[in-house]
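Down below is the structure, laid out as structure tokens.
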Amino acid sequence: MKASTESLREAFAALENALATGDLESFYGCMIEDAVILDEDLPFAGDKAAFQDHISFHGPDNWEGFAWKPRDLKIACAGDAGSVVGFSTFRGKPTGSGYRIRPMMFSQGWFLSSGQWKLASWHQGPIIGHVVNQSPA
């Protein structure tokens, strides 16, 4: 595989599909071990193992269902590096509780290694953090 916006779009689609279908093995397989991940409900940056721990903390028994829906994607490549940025909506139904809907922005850094795109960084955060109190009072 050669680096291109189309091949990166396909790699992103595979990550999105793995997450949407609950295929965590494939989802985590898209990431390098020392990926830098800043998630919307974690107060610190973590690597792949920390993110796996964070996801397992929520556990399948705590959720009746969830979905991560990305949109308005912007994809760029330069050499063997690429980025995917956009908006996303996390929709979840915790067991025994109401629904959660979190509109977010995200950015991902990818690189091509041995013919395969790998996720090296991922930051996502609520949109409200980008809108509220943007200018000094």
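Treat the numbers as computed from the prediction; the structure is a model and nothing was measured.
- Side-chain contact between E33 and D47 is absent, with no heavy-atom pair separated by less than 4.5 Å.
- Distance check, rounded to the nearest 0.5 Å: CZ of F111 to CD of Q116 gives 10.0 Å.
- To the nearest 0.5 angstrom, K74 atom NZ is 14.5 Å from S107 atom OG.
- Separation of atoms CE (M31) and OG (S121) is listed at 11.0 Å; rounding is to 0.5 Å.
- With 3.5 Å as the limit, one finds a donor-acceptor pair spanning the side chains of T89 and R71.
- For the side chain to side chain contact (heavy atoms under 4.5 Å, CB included) with E16, the lone residue among C30, P70, S88 that qualifies is P70.
- I75 contributes atom CD1, which lies 8.0 Å from atom SG of C77 (distance to the nearest 0.5 angstrom).
- For the residue pair S7/W117, the side-chain donor-acceptor check at 3.5 Å is satisfied.
- Below 30°, between 30° and 60°, or above 60°: for W110 and F12 the angle between ring planes is above 60°, a perpendicular geometry.
- The line from CD of Q108 to CG of L15 is 6.0 Å long, rounded to the nearest 0.5 Å.
- Looking at I127 and F87, their side chains come closer than 4.5 Å, going by heavy atoms from C-beta outward.
- In this structure, NZ in K48 is found 10.5 Å from CG in D34, a value given to the nearest 0.5 Å.
- Ring centroid separation for the pair F27 and W68 does not come in under the 6.0 Å cut-off.
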